[in-house]
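None of these values were measured; they are calculated from a predicted model.
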Amino acid sequence: MENWRTIITFTQPHEAHFAKGLLESEGIDTIIRDELTAQVNNFYSNAIGGVKLDVKESDFIQAT
């Protein structure tokens, strides 16, 4: 099992999906965390540290 690492955070979930699409088009697996919490109430996004885009630890250098 591989570790995942956050490469960037966003305030809005749709912003994370744009970046996710770009990374996945390059063959990099991604996970978006805390997306649903931010969708329920936009003000929660700042409280939880934003919507996080994670990549596998082994892909971190390529993703950045």
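- Counting only heavy atoms from C-beta outward, the side chains of Trp4 and Asp29 approach each other to under 4.5 Å.
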Given Leu23 and Glu26, is the side-chain contact (heavy atoms from CB on, under 4.5 Å) satisfied, shown in steps? CA-CA 5 Å; Leu23 291 173; Glu26 296 293 326; 5.8 Å; no
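- Atoms NZ and CD1, on Lys20 and Ile28 in that order, are 12.0 Å from each other to the nearest 0.5 Å.
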From CA spacing to verdict: side-chain contact (heavy atoms from CB on, under 4.5 Å), Gln62, Val55: CA-CA 10 Å; Gln62 181 183 1; Val55 297; over 6 Å; no
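- Taking both residues in full, the closest heavy atoms of Val51 and Glu35 are given as CG1-CA, 4.2 Å, listed atom of the first, atom of the second, then distance.
- Residues Glu57 and Arg5 come closest through the heavy atom pair OE2-NH1, 3.3 Å.
- Between the CD1 atom in Ile31 and the NZ atom in Lys56 there is a gap of 8.5 Å [rounded to 0.5 Å].
- Going from atom CZ of Phe43 over to atom OG1 of Thr11 covers 12.0 Å, rounded to the nearest 0.5 Å.
- Atom CG of Leu53 sits about 4.5 Å away from atom CD1 of Ile7, to the nearest 0.5 Å.
- To the nearest 0.5 angstrom, Thr9 atom OG1 is 10.5 Å from Asp54 atom CG.
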